[in-house]
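Notes follow once the structure below has been shown.
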Number of protein chains: 2
Amino acid sequence: MPPATRWLDDEEQQAWRSYLRAVRLLDEQLRRGLEQHQLSHPEYEILVWLSESPGRALRMSELAQGVLNSRSRLTHTVNRLEGAGWVLRRSCPADGRGVECVLTDSGYTVLQAAAHTHVEGVRRYLLDPLTRKEFLALGASLAKVADAMDPSGRRTT
Amino acid sequence: MPPATRWLDDEEQQAWRSYLRAVRLLDEQLRRGLEQHQLSHPEYEILVWLSESPGRALRMSELAQGVLNSRSRLTHTVNRLEGAGWVLRRSCPADGRGVECVLTDSGYTVLQAAAHTHVEGVRRYLLDPLTRKEFLALGASLAKVADAMDPSGRRTT
DNA sequence: CTAGAGTAGATGAACTTTCAACTTGTAGAG
DNA sequence: CTCTACAAGTTGAAAGTTCATCTACTCTAG
C-alpha cells in the first residue's frame, strides 16, 4: 500500500488545472492554423527541424530525437511527407544502414506559409495575453522543468 | 500573399521551445505513471470529472465539455471504461435522449490508486523543479492564456 | 397534433500512433 | 575472416482518434 497521497493544495490545484486547460486549448488553436496548410503538428515540426539543419537534411534517428518521436512513428510520418513531395529520402553515404531525410524546395515553400500562420497563432494565443516579462518567466520556468526531465535535450545559451 | 511574418525574437523563440519541450516531456512522464494502472490520460480525466460530480455521475455532453473531448471521442472512450467495469451508463430520467455516465465503486478504487501516482508525478516533474512562487506564477499566466481562448471554461475563484 | 428543426448520443470507416517483430548493415573479439 | 552483438530503419497489426453519418428524442410553430 502506498503512503498517503500528498494532494495539491487549492492554489496548486488551480494552477495545475490552468496548465492543462491552456495546453489543450492552445494545441487545438495551432492545429487549426496548420490544417489550413494540410499539415499536422508532428509533420510541421519535422519540416522545421529539417529547414534548420545544414543542407536541410538529417538522419532519421537524429530527426526522431529532435522532434521527440519514436523511430517507427517518424518512418510513417515521413512516408506521408514524402508522398506529398515535401521531403525525400536518400541513403546515407557514411553509413549503409542510415537514411537521410531532405527537405525539398516544395516542402520549404509549404513550410514558409505554414510557419507564418503558426507564428501568428503563437503570438495571438500565447504571447499577446501576457506581458513580455510574464512570457519570458513562463519560458524560464518551463526550461527548468524540461531540463529536470531531460538534461540532454537542453539548448545551449 | 500574407504580410511579412513577424518572427519571434531570440528570447521569445527560446521560451517557446522550452514550452514545447516541457509539455511534451511532462505528458510522456505522466502517461507512464498512468499506464501502471491501465489508464490513458483521457480515461483518467474522465474518471476524475465523474468522481468530482454530484452522485459521481454526469451527462455525456457535460462530461465531454469538461474533458474537452468531442462527443464521439467520449463515446468510444466510455465504451472502453465501461468494458473494464469502471463506469456504467444509465439513461437519463429527465431527457429521453440523454445518457448518464456513472463511476462505479471499482472505478473509484482504480482512480484513487491512479491519482496517487499521478499527483506524485505532477509534484516531481512540475512542482519540485520550481519554487512555489514560480509555479503559481506559471499557473496564473496560463490561466490568462486559457481564458483568452475560452472565457466560458473559466473556473470561478 | 404534427411537421420541421435541432440536440444527444452511437456507429463505422479512414487515418494516426504504438508496439513487437524483422531486415540490413556496422563493429569488435577471437 | 567470421561470429556475435548491436544500431538504423521499416513493416504490419492493434489500439486510439477523427469525421461524416445515422437514429432517437425534444421542442416549437402552425
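These numbers come from the heavy atoms of this one structure, side chains and all, not from hydrogens, waters or symmetry mates. Lettering of chains follows the sequences in order, A, B, ..., and the numbering in each one begins at 1. Just so it is clear, the structure is predicted and the values come from calculations on it, not from any experiment.
- If A:D95 and A:T77 are placed on DNA chain C by their nearest nucleotide, the residue sitting closer to the 5' end is A:T77.
- Across the interface with DNA chain D, nearest-nucleotide mapping of A:N79 and A:R31 shows A:N79 to be the residue nearer the 5′ end.
- The nearest whole Å value for the distance from the CD atom in B:E45 to the C1' atom in D:dG16 is 16 Å.
- Note: CG (B:D27) to C1' (D:dG16) measures 15 Å, nearest angstrom.
- If you take CG of A:L81 and P of C:dC15, they are 16 Å apart, rounded to a whole angstrom.
- Side-chain atoms of A:R71 come within donor-acceptor range of the base of D:dG9, with a qualifying N/O pair under 3.5 Å.
- Using a 30° and 60° split on the angle between ring planes, B:Y44 and B:H41 fall in the perpendicular class, above 60°.
- Looking only at atom types and distance, the side chain of B:Q112 has no donor-acceptor partner in the side chain of B:T109 under 3.5 Å away.
- Proximity of B:R73 to the phosphate of D:dT17: a side-chain N or O atom is located under 4.0 Å from OP1 or OP2.
- Counting distance only, with no hydrogens placed and no angle test, the side-chain atoms of B:S72 and the base atoms of D:dT17 include no donor-acceptor pair under 3.5 Å.
- Distance check: A:E100 CD to A:L88 CG gives 10.0 Å after rounding to the nearest 0.5 Å.
- One finds a side-chain N or O of B:R59 lying less than 4.0 angstrom from the OP1 or OP2 phosphate oxygen of C:dG9.
- Within 4.0 Å of A:R89, counting heavy atoms only, lie sugar-phosphate atoms of the nucleic acid but no base atom.
- Picking from D:dT10, D:dT11, D:dT17 the nucleotide with the shortest atom distance to the side chain of B:P42 gives D:dT17.
- The side chain of A:H76 sits closest to C:dT17 out of C:dA8, D:dA8, C:dT17.
- Atoms CD (A:E100) and C1' (D:dG9) sit 14 Å apart, rounded to a whole Å.
- Side-chain atoms of B:T75 lie closest to C:dA10 of the nucleotides C:dA10, C:dT7, D:dA8.
- To the nearest 0.5 angstrom, B:R6 atom CZ is 8.5 Å from A:H116 atom NE2.
- Toward the 5' end of DNA chain C, the nearer of the two residues B:E62 and A:S40, judged by each one's closest nucleotide, is B:E62.
- Heavy-atom distances to DNA chain D give each of A:E35 and A:V99 a nearest nucleotide, and the one nearer the 5′ end belongs to A:V99.
- Of the listed nucleotides (D:dT26, C:dT16, D:dA8), D:dA8 has the atom at the smallest distance from the side chain of A:S61.
- Within a 6.0 Å radius of CZ in B:R124, no more than 12 heavy atoms belonging to other residues, nucleotides or ligands are found.
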